[in-house]
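Heads up, the thing below is written out as structure tokens.
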Amino acid sequence: MSDDSKSYDGPERVFSGMQPSGDLHLGNYLGALINWVRLQDEHECVYCIVDMHAITVPQDPKKLASQTREIASAWLAAGIDPERAMVYAQSSVPAHAQLAWIFNCVARMGWVERMTQFKDKAGKDSERASVGLFTYPVLQAADILAFKGTHVPVGEDQKQHLELSRDIAEKFNRDFDAPGFFPQPEPLIQGPGARIMSLKDGTKKMSKSDPSDLSRINLIDDADTIAKKIKKAKSDSDALPSETEGLEGRPEAANLVGIYAVLAGQTTAQVLSEFGGDGFGRFKPALAELAVEKLSPITSAMRDYMADPAQVDRILEQGAARARDISEPILAEVRRIVGFWGS
Ligand code: AMP
Ligand code: TRP
């Protein structure tokens, strides 16, 4: 940690976000949401549905608000408690956009040009990508720092964006002679679920952008669909090993055993001590049964929330009001530090 981060002595606060695009899947649940739920017991948590990030690529305006409600429903169903954690849509709290502009003037072109996610998302035709897609990670830094977020639970893939957030925080504090004003947010990349792989290819991440729906388990899938997807999941013809080392070089077997372990709250070794020597003909039905047992309460709660959009809207509005209460005074200080008129 740099000297600057040492001089931040404000409270700890957890901040994270997810885009309102596509269905949530088992990777989002085991890689991110399970940690978010756990963190709300110990910390003040701010969980933001980042609809402003979503429009960096084209979105259907008729669907964006309902996708936002759908993500909120999934979070609530997974156990995020709106009485404790704040749950709201990014576009309903002005501090995100206000701070993002200031950070656009702090971040250097060279820093943002190094971000690999832009290169992946823009593809070959980067000339035609939106300017917003380029400055996406700057908005992400503003999300976190508008709340002086200190801890950010995310999957592996967000590490580079968090490094940029720290660089921006440090440069702001230095350029404006405000030591310790912004904290240096730390990523929390935790647990055996940090990287859940595709059910069709154990070397690829489970992802909402995979064209094959059989590659992932969606939180909205019903019990039959979950069982069918596990039955059809790619595996191999060997029996499961009794020791963890025996999974090396068997990515599909490792992924299925890993999913079982996280869902059951066991270690890989414990799973193998029970199933070592069994073929997939016996292991897959056991995994399907466990997945249905753990996911179906979430699926049914999610359907209940989605059937009551007015309730979800009330929760999002309350979350936004609390988020404005925290971020507005921080932004007022930022305006003063920058020297804006009237501040
Ligand atoms: P995304 O679905 O890419 O918008 O990601 C939302 C959150 O879920 C981020 O914190 C990701 O790091 C996490 N995540 C997405 N896919 C996976 C996966 N296959 N395994 C573990 N975590 C994931
Ligand atoms: N970029 C993140 C993702 O794709 C989403 C996100 C936006 C985010 N703002 C954030 C995550 C702030 C953590 C903190 O998953």
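Heavy-atom basis, side chains included; hydrogens, waters and symmetry copies ignored. We count ligands from 1, going down the list as the structure has it; atoms in each ligand are counted the same way.
Of all atoms in ligand 2, listed by their number and element, those nearer than 4.0 Å to a heavy atom of Val50 are 7 (C), 9 (N). Ligand-side atoms of ligand 2 in range of Ser16: 13 (C), 14 (C), range being under 4.0 angstrom from any heavy atom. With ligand atoms numbered from 1 in the order given, ligand 2 contributes 1 (N), 2 (C), 3 (C), 4 (O), 5 (C) to contacts under 4.0 Å with heavy atoms of Tyr136. Atom numbering of ligand 1 starts at 1 in the shown order; those under 4.0 Å from a heavy atom of Val154 are 10 (O). Numbered from 1 in the order shown, with element, the atoms of ligand 2 that lie under 4.0 Å from a heavy atom of Val152 read 13 (C), 14 (C). Listed by number with element, the atoms of ligand 2 under 4.0 Å from a non-hydrogen atom of Val154 are 11 (C), 13 (C). Near Met206, with a cut-off below 4.0 Å to any heavy atom, the atoms of ligand 1 are 16 (N), 18 (C), 19 (N). Interface atoms of ligand 2 facing Ile144, defined by a heavy-atom separation under 4.0 Å, are 12 (C), 14 (C).
No part of Met197 comes within 4.0 Å of ligand 1, judged by heavy-atom distances. With a 4.0 Å cut-off on non-hydrogen atoms, Ile196 touches ligand 1 through its backbone as well as its side chain.
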Please test Gln90 against His53 for side chain to side chain donor-acceptor pair (under 3.5 Å), starting from the C-alpha separation and ending with a verdict.
CA-CA 9 Å; Gln90 187 183 30; His53 279 104; 3.3 Å; yes
Does the side chain to side chain contact (heavy atoms under 4.5 Å, CB included) test come out yes or no for Phe103 and Thr135, once each step is laid out?
CA-CA 10 Å; Phe103 282 177; Thr135 66; over 6 Å; no
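Screening Asp213, Thr299, Asp23 for a side-chain hydrogen bond (donor to acceptor under 3.5 Å, both in side chains) involving Asn218 leaves a single residue, Asp213.
Counting only heavy atoms of the protein, atom 5 (O) of ligand 1 lies nearest to Asn28 ND2, 3.6 Å. Scanning the protein heavy atoms around atom 5 (C) of ligand 2, the nearest turns out to be Gly17 O, 3.6 Å. Given atom 21 (C) of ligand 1, the protein heavy atom at minimum distance is Ala194 O, 3.0 Å. For atom 11 (C) of ligand 1, the closest non-hydrogen atom of the protein is Asp157 OD1, 3.7 Å. Looking only at heavy atoms of the protein, atom 10 (O) of ligand 1 is closest to Gly155 N, 3.1 Å. The protein non-hydrogen atom at the shortest distance from atom 3 (C) of ligand 2 is Gln158 NE2, 3.3 Å. With respect to atom 8 (C) of ligand 2, the closest heavy atom belonging to the protein is Gln140 NE2, 3.5 Å. For atom 16 (N) of ligand 1, the closest non-hydrogen atom of the protein is His25 CE1, 3.5 Å. For atom 9 (N) of ligand 2, the nearest protein heavy atom (residue, atom name, distance) is Asp143 OD2, 2.7 Å.
Inclusion of Gly31 in the set of residues having an N or O under 3.5 Å from an N or O of ligand 1 is not warranted. Considering backbone and side-chain atoms alike, Gly27 places an N or O below 3.5 Å from some N or O of ligand 1.
Side chains of Leu272 and Leu247 form a contact here, defined as non-hydrogen atoms less than 4.5 Å apart. Contact check for Val57 versus Ser130: no side-chain heavy atoms found under the 4.5 Å cut-off.
Between Phe147 and His96, the ring planes are tilted. Angles from 30° to 60° get that label. In this pair, Phe283 and Phe275 present their aromatic rings perpendicular. The plane angle is above 60°, beyond the 30 to 60° band. Under the 30°/60° scheme for interplanar angles, the aromatic rings of Phe172 and Phe176 are found to be tilted.
Distances from atom 4 (O) of ligand 1 to the heavy atoms of Lys208, Met18, Lys159 show the closest one on Lys208.
No more than 12 heavy-atom neighbours from other residues, nucleotides or ligands sit within 6.0 angstrom of CD on Glu289.
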